[in-house]
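Have a look at the structure below before the remarks.
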Amino acid sequence: MKKQIALTVNGVKRELLVNPQDLLLNVLREQLGLTGAKYGCGIGECGSCTVLLDGEPILSCMTLAVAVNGSEVTTIEGLLGSDGSLHPIQESFLEHGAVQCGFCTPGMILMAKNLLDKNPHPSEEEIREHIRGNLCRCTGYTQIVQAIKEVSLTRKA
Amino acid sequence: MTKTHYHAIGKKTVRKDGLAKVTGQEIYTSDLFLPRMLHGRVLRSPYPHARVKKIDTRSAEALGAVCITFKEVPDITYAERIVTIPQKTFKDRHVLTDHPRHVGEAVAAVAAETAELAEKALGLIRVEYERLPALFDAVEAMKPESIALYETIFFGQEELRVSNNVAATREIIEGDIEKGFLESEIIVEEEFRTGRVYHAQMETKSVVCQPEADGGITVWTTTQTIHNVRQLLGEIFKIPLNKVNVKKISVGGAFGSSIQMNSVVPIGVALALKARRPVKIVLTREEDMVDHCKYPSYIRLKLGAKKDGKLMAGHMRVIVDIGAHNTQAYPLLGCMAGWWVSLYRLPHLKFEGKAVYTNKVPACAMQGFGNPQVTFAVESLMEILAEILGMDSIDLRLKNYVGLGETFWGQGPTVRSIIQSCGVEEMLLKGAELSGWKERKKTLEGTIRRGLGMARGFHTSGAGAPMPGEVIDYSGSIVKINEDGSVDFMTALMDLGGGTLDALAKIVAEELKVPLEKVGISSVDTRTTVYDVCTHATRGIYCGGGALHKVTAQAKSKLLEFASRILQAPPHALKIEIDEEAGQGMIYVEGVPGKRISVGEVAKTAQINNWGTIAAVDSLRQVNCPPTFNAQFIEVEVNTETGVIRPVRAVLCSDAGQVINPDLAEGQLYGGLYRGLGYALLEDTDYDKETGELKNRGLFTDFKMLTAEEIPRLEDIQTYFTHTREPTGPFGAKGIGEAALNPTAAAVVNAIYDAIGIRFTKIPVTPEMVLKALNEKRNQG
Ligand code: FES
Ligand code: FES
């Protein structure tokens with residue numbers, strides 16, 4: 001039996017019909033065409049499927065869509081400014097070579113956003129701790145950490 | 001370095017696919033949704049070695065699923081990796097099999113309207129297996145009494161008997177090792193073992209196949225070579241190549257795992273052809289982990305030297321447990337020999353290699369193709385030798401390294417060329433200075449002990465050589481100048497994340513003197529590109545970029561020819577320069593005012609006058625494969641109570657010739673370091689000998705990798721690029737990628753030795769191993 005749920009996705013209200021067992025990751029990707037969140041493991045081990053739920057990072061591969069009825073979801077597609085401008089974190093990732101294959105990038109950027117929203121000037125240790133659950137096989141994390149750190153440095157205290 | 005005035009080469013720029021990647025718009029295979037698309041799933045053997053006695057798909061079909069078994073796929077034995085010439089290629093693969101030889105081998109597949117339905121259908125297929133004895137150890141497998149995993153396979157067109165489960169052997173002799181060891185004053189010998197690492201590329205292998213109305217197919221898949229996938233699919237399914245179109249699509253990391261056509265690709269195609277509807281299969285992580293892994297190795301290495309450190313002779317014996325399929329271990333063994341003999345001059349040498357079948361996940365290339373394994377052994381033994389000789393190991397290396405003007409085996413014994421650029425000495429000296437090598441002091445006390453280790457290495461830039469050899473290596477491109485002075489280029493070369501295509505765009509921009517923003521990387525497929533063998537072997541920039549450079553120069557001469565008609569001056573009197581303000585390349589006659597026209601105006605004039613499009617297409621085989629050298633200095637902290645090793649500092653030196661993308665080149669060094677540290681300290685896949693299953697059960701939780709927390713801090717990683725130029729490379733460039741990992745494990749193990757005085761010859765070096773060794777050392781007093 002399908003259920004109707006309401007989600008605000010990247011600022012837009014959506015009414016959706018979902019199966020009780022449908023995962024948020026699949027609803028976002030297949031029903032809404034928001035393919036920025038990726039499948040990397042399906043069981044909460046890699047962070048590629050990270051999205052923000054009411055501002056907090058969650059693993060959408062482990063989250064039932066019905067369980068988040070009424071919430072606000074931000075995916076990587078929702079990070080652009082209203083004028084289409086990049087979020088400073090996105091810019092910083094580009095500037096610091098923090099993107100290689102790009103598969104981990106959406107999840108990584110959303111994790112970074114969550115960190116900087118809560119703690120505008122994190123230490124390097126705090127950055128590393130915060131993204132430790134997001135796997136990146138390409139970069140070795142160095143330029144990702146650099147990119148996040150740089151955003152925090154250029155922000156006014 | 002000669003002074004250069006490049007506007008694009010060597011400049012830090014934002015990668016062209018970057019915007020799409022940071023905004024979630026980049027499309028990977030798993031992101032494709034086609035109208036009427038079905039979801040496919042693969043039924044895999046739960047046993048490491050079995051025969052399928054019966055298989056019944058009726059209940060699954062009753063659900064509405066489309067099913068295929070080994071009976072319904074083309075009965076053809078194929079080789080998934082075809083970068084070797086056909087007559088030297090081993091074939092043992094089937095699309096689906098009734099004789100699975102490892103847990104996870106595909107025996108059937110289904111496609112259904114939804115992923116859930118496909119999953120359900122998969123569970124309804126009844127298979128009766130006869131279990132067969134399984135082999136999990138290469139030495140065991142070679143015993144005559146062991147069960148034969150294959151009776152015969154194919155070598156080229158010929159059927160070949162497999163004896164003692166040996167898939168390939170290679171013996172290479174130069175000089176006379178007996179004489180060499182007799183003349184040696186010091187002989188060192190050691191056994192080394194390296195782990196069976198999983199690639200762990202973040203995107204699991206995937207395929208989407210769309211059957212076309214004309215009987216053809218269109219395929220999107222995770223691959224490093226669209227043309228080889230096309231050719232294999234044409235061969236397996238007997239479809240003419242013009243009707244097999246493989247589209248280039250972004251890949252979420254590869255590290256060598258998609259040089260071969262992935263086994264899921266023909267399965268997806270067979271399903272789509274039967275269903276007459278598009279089918280998509282995305283491997284689960286658990287499936288991906290039983291699909292591929294890095295070659296593990298056992299290496300016994302013996303070196304002989306004079307008292308002054310001059311190497312006299314070497315003997316290397318290698319056994320590689322390749323698992324259930326031969327993903328071309330013959331070239332692997334040749335390459336391992338080549339990596340070895342190209343590190344240090346050995347007047348007398350012998351290499352003996354064996355690749356052995358077992359009932360494990362099939363191994364394939366992973367960053368280095370045997371090079372990290374060999375370099376681990378060689379660079380560990382060089383350190384041992386230096387200590388015995390009482391020499392600084394850097395001096396020993398400087399005395400013996402293969403350098404400028406010497407012969408280098410870029411891809412095994414048949415791919416030889418002469419080294420024309422070499423930054424080894426610069427790196428060893430500079431790296432020593434930056435890392436404090438000379439000042440390092442031994443303090444073998446306290447709980448936390450620090451040690452500094454170094455190792456050097458290299459990788460080939462492609463597989464080009466003056467003679468054709470056993471490896472196919474050439475690239476091709478199309479370049480087209482548009483009517484506004486912008487440029488499109490088309491290449492089948494892939495960007496696996498390293499920025500290869502950005503480098504290629506810069507080569508075009510530089511040659512034509514047009515702004516980089518005006519160079520577009522076309523989205524292409526096998527129909528719209530000329531052949532490119534594969535994006536592997538660190539060949540992207542040197543070989544792919546070399547070919548593109550050649551084609552761009554051809555387009556440029558056409559451009560100048562048209563410009564000469566307009567400017568009324570001979571083409572060779574024309575010069576070209578970039579005009580940043582106009583955002584155009586400008587063609588002019590030096591010293592003659594007024595004789596100046598933009599690239600765009602030339603192209604437009606050519607169009608209006610019906611002279612034609614300024615375009616070129618061609619291929620190039622490089623006749624060299626220059627080594628991209630590197631050296632790494634790594635400092636570790638060993639906790640003698642917990643056995644935990646922490647890498648705390650690294651100096652990464654690279655000789656990549658002219659660097660084209662500075663920040664992305666650094667990224668290659670950081671990434672190589674990261675995977676190399678994992679290789680040295682953590683990553684391996686163990687098997688349950690009873691069930692034949694991976695002990696990690698296909699989970700990342702149990703296939704441990706280093707996280708962002710466990711690598712050196714920003715201020716503790718330094719990179720250094722040498723001031724070299726490769727005379728045969730596009731704008732002086734060579735490759736970089738694979739080299740970045742090759743010396744890491746040896747540098748780490750050398751650092752551990754420096755810290756606690758214990759030498760490990762098996763990697764990964766786990767905390768348990770450290771504690772055990774420390775205990776043994778204490779007990780010995
Ligand atoms: S896909 Fe959700 S954590 Fe890996
Ligand atoms: S950039 Fe490839 S996984 Fe992070």
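Keep in mind it's a predicted model, so treat the numbers as computed, not measured.
Ranked by heavy-atom pairs under 4.5 Å with chain B, the first of A:G97, A:G36, A:G140, A:C136 is A:G140. Interface remark: of the candidates A:C104, A:G40, A:G44, A:G40 forms the most heavy-atom pairs closer than 4.5 Å to chain B.
A salt bridge between B:K704 and A:E45 is absent, with no side-chain N of the basic residue lying under 4.0 Å from a carboxylate O of the acidic one. With salt bridges taken as basic N to acidic carboxylate O contacts below 4.0 Å, one links A:R132 and B:E709. The existence of a salt bridge linking A:E125 and B:R713 is confirmed by a sub-4.0 Å separation between a basic side-chain nitrogen and an acidic carboxylate oxygen.
Scanning all heavy atoms of the two residues, the minimum distance from B:Y28 to A:C101 falls at OH-O, 2.6 Å. The two atoms that bring B:F700 and A:C41 nearest to each other are CD1-CB, 4.2 Å, heavy atoms only. Looking at every heavy atom in both residues, A:T142 comes nearest to B:I711 through OG1-CD1, 4.3 Å. B:L714 and A:E124 make their closest contact through N-OE2, 2.9 Å (heavy atoms, listed as atom of the first residue, atom of the second, distance). Annotation for B:Y670 and A:T139: closest pair CB-O, 3.5 Å, computed over non-hydrogen atoms.
Residues B:E203 and A:K38 are not in side-chain contact: their nearest non-hydrogen atoms beyond the backbone lie 4.5 Å or more apart. Contact of the A:L86 side chain with the B:T23 side chain is registered, since non-hydrogen atoms from C-beta on lie closer than 4.5 Å. Taking 4.5 Å as the limit, every side-chain heavy atom of B:Y674 sits out of range of all side-chain heavy atoms of A:C138. The closest side-chain heavy-atom distance from B:T284 to A:Y39 is below 4.5 Å. Residues B:D495 and A:Q100 have side chains not in contact (no heavy-atom distance under 4.5 Å, counting atoms from C-beta outward).
B:L677 does not touch chain A: none of its heavy atoms, backbone or side chain, sits under 4.5 Å away. Contacts of A:S48 with chain B are made by side-chain atoms alone, with heavy-atom separations under 4.5 Å and no backbone atom involved. B:T204 touches chain A through its side chain: at least one heavy atom from C-beta onward sits under 4.5 Å away, while N, CA, C and O do not. Interface remark: A:L34 contributes no atoms to any contact with chain B (heavy atom separation under 4.5 Å).
A donor-acceptor pair under 3.5 Å is absent between the side-chain atoms of B:R15 and the main chain of A:L94, judged by distance alone. Side chain of B:R285 to main chain of A:G42: no donor-acceptor pair is present (N/O by atom type, distance under 3.5 Å, no hydrogens or angles).
Summarising the geometry, atom OG1 belonging to B:T707 is positioned 6.5 Å from atom OH belonging to A:Y141; distances are rounded to the nearest 0.5 Å. Distance CD/B:E116 to CG/A:N19: 7.0 Å, rounded to 0.5 Å. Separation of atoms CE (B:M202) and SG (A:C46) is listed at 4.0 Å; rounding is to 0.5 Å. Rounded to the nearest 0.5 Å, atoms OG1 (A:T35) and CZ (B:F33) are 7.0 Å apart. Once rounded to the nearest 0.5 Å, the distance linking CZ of A:R137 with CE of B:M705 reads 5.5 Å.
Residues of residues 662-669 of chain B having a heavy atom under 4.5 Å from any heavy atom of chain A, listed by number: B:D663, B:L664, B:E666, B:G667, B:Q668.
More than 12 non-hydrogen atoms from other residues, nucleotides or ligands lie less than 6.0 angstrom from NZ of B:K16. Counted within 6.0 Å of NZ on A:K3, heavy atoms from surrounding residues, nucleotides or ligands total 12 or fewer; the atom is thus considered open.
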